[in-house]
Amino acid sequence: MTDISTINDGVVAEGQSSLAEGDTTGREPVIRFDAVTKKFGDVTVLDALDFEVRKGEKVTIIGPSGSGKSTVLRILMTLEQIDGGVIHVAGKPLWHEARNGTLVPAGEEHLRMMRKEMGMVFQQFNLFPHMTVRRNITEAPMHVLGLSRAEAVARADEYLELVGLSDQADKFPSQLSGGQQQRVAIARALAMRPGIMLFDEPTSALDPELVGEVLNVIQRLAGEHDLTMLLVTHEMAFARQISDRVCFFDKGRIVEQGPPEQIMSAPREARTQAFLSGCLQPG
Ligand SMILES: Nc1ncnc2c1ncn2[C@@H]1O[C@H](COP(=O)(O)OP(=O)(O)OP(=O)(O)O)[C@@H](O)[C@H]1O
């Protein structure tokens, strides 16, 4: 098995080094939302959201459908713009650039640089259907990071081993099960060696018998001290197991957050209690 301590080597680790200046704890915020607002038409999806994730922290966002959970991740991946507030990732503004001492909207080059800080795993695996598994993983390291083919292949094989799919490298996505495809998607994101991994309901498109193999891989990653993880999931038992902190979202705000045992077993807020008791009901 590959040692996952290599995940934070390379490009992103360098990008984060400036952040670590003066910090001896290794727990500085690596994601910070300050009063972030996001609207779709007249609907306010994120409402002046303040939110922080510290380096190496494993944070799970739970909450009712439509509460804005996926929007947080999509904004981080620069797939959705924000309407107000500021976000910092690895010490740098995400949607803005500093120019002459003021923050102005970021240009495409800045956004491209910032995207390298993060890897995202989607509900639908989003693999390139016409490429083999290995090629799915080598594309971005070659074209975005400038690795040679040989380097990218070596890296792809390393992460395929990590997700237990070394024997599937030459297959096409359609020849794999959903669980295997999602594990390839995880390997593909890791191959960019991001410091932050975002998971958007990574098991909700899977048949129940395939959920475990994907959760096992994510759980193994959660053991990696330096990797920051932000997950949206409906898998409450899993969230409880792997998270340092659980955030309960409702209507675009954090209603309550804390260690998983406190949020899951002794929630203080009525809305959290109602949500969690609904999750435990059959069906
Ligand atoms: N591109 C979009 N255009 C318009 N409305 C959108 C768009 N994306 C999300 N929304 C709306 O924003 C709200 C929040 O969506 P989001 O996907 O973040 O919720 P969620 O908490 O992740 O929900 P779920 O658990 O159902 O995935 C929802 O009301 C959704 O319909």
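Every number for a ligand or one of its atoms is a count from 1 in the order of the listing. Only this structure's heavy atoms are used, side chains among them; waters, hydrogens and symmetry mates stay out.
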Practice prompt. Ignoring hydrogens and angles, tell me if any N or O in the side chain of Asp200 forms a donor-acceptor pair with the backbone of Ser70 under 3.5 Å.
Written response: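 A pair under 3.5 Å: no.
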Practice prompt. Quick one: sort the Phe249 and Phe51 rings into parallel, tilted or perpendicular, breaks at 30° and 60°.
Written response: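 Correct class here is perpendicular.
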Check: [X]/[Y] side-chain N/O donor and acceptor closer than 3.5 Å:
X	Y	answer
Gln123	Ser204	yes
Arg253	Ser67	no
Glu161	Ser166	no

Practice prompt. Report yes or no: is the cationic atom of Arg188 (NZ for Lys, CZ for Arg) under 6.0 Å from the centre of the six-membered ring of Phe128, at an angle within 45° of the ring normal?
Written response: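 Flagged: Arg188 positioned over aromatic ring of Phe128.
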State the atoms of ligand 1, each with its element, that fall below the 4.0 Å cut-off from a heavy-atom position in [X].
X	value
Ser65	23 (O), 24 (P), 25 (O), 26 (O)
His234	25 (O)
Glu201	24 (P), 25 (O), 27 (O)
Pro64	21 (O)
Glu80	1 (N)
Val45	12 (O), 13 (C), 14 (C)

Worksheet entry | Hphob cluster co-occupancy, Met131 + Ile137, side-chain heavy atoms under 4.5 angstrom |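 No, no single cluster joins them.
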Practice prompt. Please answer: with hydrophobic residues joined when any side-chain heavy atoms are less than 4.5 Å apart, are Val30 and Ile254 in the same cluster?
Written response: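 Per the 4.5 Å side-chain linkage, Val30 and Ile254 are co-clustered.
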Close approach of [X] to ligand 1, heavy atoms, under 4.0 angstrom:
X	answer
Arg74	no
Gly68	yes
Gly41	no

Considering only protein heavy atoms, which is closest to [atom], and at what distance to one decimal place?
atom	result
atom 2 (C) of ligand 1	Phe40 CE2, 3.4 Å
atom 23 (O) of ligand 1	Gly66 N, 2.8 Å
atom 25 (O) of ligand 1	Lys69 NZ, 2.7 Å
atom 17 (O) of ligand 1	Ser70 CB, 3.6 Å
atom 16 (P) of ligand 1	Thr71 OG1, 3.5 Å

Worksheet entry | atom 31 (O) of ligand 1 touched by protein (heavy atom, under 4.0 Å) |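 Given the 4.0 Å cut-off, atom 31 (O) of ligand 1 does not count as touching protein heavy atoms.
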Worksheet item: Hey, is atom 13 (C) of ligand 1 under 4.0 Å from any protein heavy atom?
Response: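 Under the 4.0 Å cut-off, atom 13 (C) of ligand 1 does have protein heavy-atom neighbours.
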Fill in: For Arg193, the option from Glu158, Glu117, Glu151 that meets salt bridge (charged side-chain N to carboxylate O under 4.0 Å, His left out)
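The single option meeting the salt bridge (charged side-chain N to carboxylate O under 4.0 Å, His left out) with Arg193 is Glu158.
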Worksheet item: Is there a side chain to side chain donor-acceptor pair (under 3.5 Å) between Glu256 and Thr272 once you walk through the steps?
Response: CA-CA 7 Å; Glu256 183 169 4; Thr272 322; 2.7 Å; yes
